[in-house]
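Quick notes on the structure that follows.
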Amino acid sequence: MNTKQMTYLIETAKTLNLSRAAENLFISQPSLSYQIKTIEEEVGFAIFDRIGKSIRLTPAGKELISSLSRISQEIQFAIEQAQNMGERYRSAIKIGFPMRTMLTHLPEAIPIFEAEQPTIQIVPEMQPTIDAISSFMRRDLDIMLLPREEAEKLSGVTITPLFTSHIYLLCQTTDPLAKKERITIEDLAHRTLLVNGGSSQTLRQVQQRVVDTVPIQTLNSPTHDFTLIQVAAGRAICLSPGFLNDHSGQFSWIPFDCPESFDFVLVHHQDVQNDGLTQLITILQDLYQNSPYHF
């Protein structure tokens, strides 16, 4: 199966309509039908069930399309990154991290680094932590940002401290709590607190301590984006690690009085030592040590 045939299958799976898929692919319907039949003969199973003029994915077809979609995205990403390299760059350093706010100073680090190493391209890759670890172990990533407890589970790596993230109260800028310099558990009495959802075990422990200490209402939040919407709507407040702060000024982030924190480190393979990697790590460390932000 070639990449063009992969595209045929993915588009047909999206539309579940041969005529529409063929139109979107700029080929005739008989040509598309022939290609699908050829692929099915090659793989040895039916990808689509034909029901009159309609089609639907078989269970095996769903699994195949899911894998092909991921592979297609990876191929496109690889092509685009290779195009970016062009004649300017001779190599690249791929750095993985879960979300943009977790490496706030990376955009500042890139031009500083490229002024010293103009032939090395920095390639940021945002992936969930578990995916980043898998990519790193396959050596698809050169360096990644991890919580220290996750980094210490890995072997054959060098761990470099980057920053410690503390817990903050997140509320509207007009909230009376926004005037305080530090928030205690008692300050949260009789409020509505967003809990659970995507919270880490550490943050859940803090949330539970609040619930056990003062009278408070709770509202479950499945994601940080859901949390931000609820806070913006004035429905609730939340406790959040500082690394989620986008520093946009839309909300107030006030330090919360608790001992818990999150240590983040940069991790790279011990057997990979080069000037570019060392310089990037040093630049990031300097930026975070002198950061005007509170994490």
Side-chain angles (χ1 to χ4, degrees), residues 1-89 91-103 106-107 110 121-142 144 197-198 222-229 246 248:
M1 186 190 310
N2 57 41
T3 55
K4 182 173 288 188
Q5 290 174 318
M6 287 170 52
T7 302
Y8 291 162
L9 289 181
I10 292 169
E11 184 61 34
T12 305
K14 284 180 183 178
T15 62
L16 292 179
N17 184 297
L18 286 170
S19 296
R20 191 176 305 125
E23 183 178 345
N24 293 344
L25 293 165
F26 302 102
I27 63 173
S28 68
Q29 181 179 328
S31 294
L32 178 59
S33 297
Y34 173 78
Q35 289 291 338
I36 292 173
K37 182 179 179 181
T38 299
I39 297 168
E40 288 179 327
E41 290 175 352
E42 178 184 341
V43 300
F45 57 82
I47 300 170
F48 298 97
D49 281 330
R50 282 75 170 173
I51 307 170
K53 294 183 179 180
S54 301
I55 61 172
R56 67 182 181 190
L57 283 164
T58 65
K62 288 181 181 179
E63 184 68 24
L64 178 64
I65 294 299
S66 176
S67 297
L68 291 181
S69 297
R70 183 177 65 253
I71 293 169
S72 178
Q73 290 175 354
E74 291 175 353
I75 291 173
Q76 184 61 34
F77 179 79
I79 292 171
E80 290 172 355
Q81 291 307 310
Q83 289 172 338
N84 286 343
M85 294 284 286
E87 296 180 357
R88 177 179 175 182
Y89 301 107
S91 61
I93 295 176
K94 295 184 179 181
I95 180 168
F97 52 104
M99 61 186 69
R100 180 183 58 81
T101 58
M102 294 182 77
L103 268 181
L106 181 60
I110 290 175
Q121 181 186 29
I122 303 300
V123 181
E125 294 196 16
M126 282 183 280
Q127 304 178 19
T129 297
I130 189 169
D131 294 339
I133 291 174
S134 296
S135 295
F136 178 76
M137 298 310 292
R138 293 195 307 267
R139 297 184 179 251
D140 293 336
L141 292 176
D142 301 295
M144 62 178 173
T223 65
H224 184 63
D225 286 333
F226 180 91
T227 291
L228 295 180
I229 292 171
D246 64 3
S248 66

*Side-chain contact, heavy-atom cut-off 4.5 Å: Lys94 with Asp140?*
no

_Within the 4.5 Å heavy-atom criterion, are Ile95 and Leu103 side-chain neighbours or not?_
yes

By side-chain contact (heavy atoms from CB on, under 4.5 Å), which residues pair with [X], not counting sequence neighbours?
X: Ser134; value: Arg138
X: Ile10; value: Lys14, Leu68, Ser69, Ser72
X: Gln29; value: Leu18, Ser19, Ala22, Ser33

Contact summary for [X] and [Y], nearest pair of heavy atoms:
X: Ile55; Y: Phe48; value: CD1-CD2, 4.0 Å
X: Leu32; Y: Ala21; value: CD2-CB, 3.8 Å
X: Phe45; Y: Ala60; value: CD1-CB, 3.7 Å
X: Val123; Y: Ala92; value: CG2-CB, 4.0 Å
X: Ile122; Y: Pro124; value: O-CD, 3.5 Å

*May I have all residue pairs that pass side-chain hydrogen bond (donor to acceptor under 3.5 Å, both in side chains) and include part of residues 35-49, sequence neighbours excluded?*
Gln5-Gln35, Glu40-Arg50

*Tell me the side-chain hydrogen bond (donor to acceptor under 3.5 Å, both in side chains) pairs involving residues 54-68, sequence neighbours left out?*
none

Rounded to the nearest 0.5 Å, how far apart are [atom1] of [X] and [atom2] of [Y]?
X: Ile65; Y: Met6; atom1: CD1; atom2: CE; answer: 9.0 Å
X: Ile75; Y: Arg70; atom1: CD1; atom2: CZ; answer: 11.5 Å
X: Thr12; Y: Ile36; atom1: OG1; atom2: CD1; answer: 4.0 Å
X: Asp142; Y: Phe136; atom1: CG; atom2: CZ; answer: 8.5 Å
X: Met102; Y: Met126; atom1: CE; atom2: CE; answer: 12.0 Å
X: Thr129; Y: Met99; atom1: OG1; atom2: CE; answer: 7.5 Å

*Mind checking salt bridge (Lys or Arg N to Asp or Glu O under 4.0 Å) for Arg139 and listing every partner two or more places apart, or none if nothing turns up?*
Asp271

*asked:* Holding to ring pair (Phe, Tyr, Trp, His ring centres under 6.0 Å), I want the full list of residues that pass it with Tyr8, two or more places apart in sequence or in another chain.
replied: none

*asked:* Hydrogens and angles aside, do Ser248 and Asp246 bring a side-chain donor and acceptor to less than 3.5 Å of each other?
replied: yes

*asked:* Testing the 3.5 Å rule here: is there a donor-acceptor pair between the side chains of Ser135 and Glu125?
replied: no

*asked:* I'd like to know whether CD1 of Ile130 has more than 12 heavy-atom contacts from other residues, nucleotides or ligands below 6.0 angstrom.
replied: no

*Near Tyr34 OH, under 6.0 Å, is it more than 12 heavy atoms from other residues, nucleotides or ligands?*
no

*Taking only residues two or more places apart in sequence or in another chain, which ones pass side chain to side chain donor-acceptor pair (under 3.5 Å) with Glu11?*
Asn24

_Residue list, side chain to side chain donor-acceptor pair (under 3.5 Å) with Thr227, at least two apart or on another chain_ = Ser221

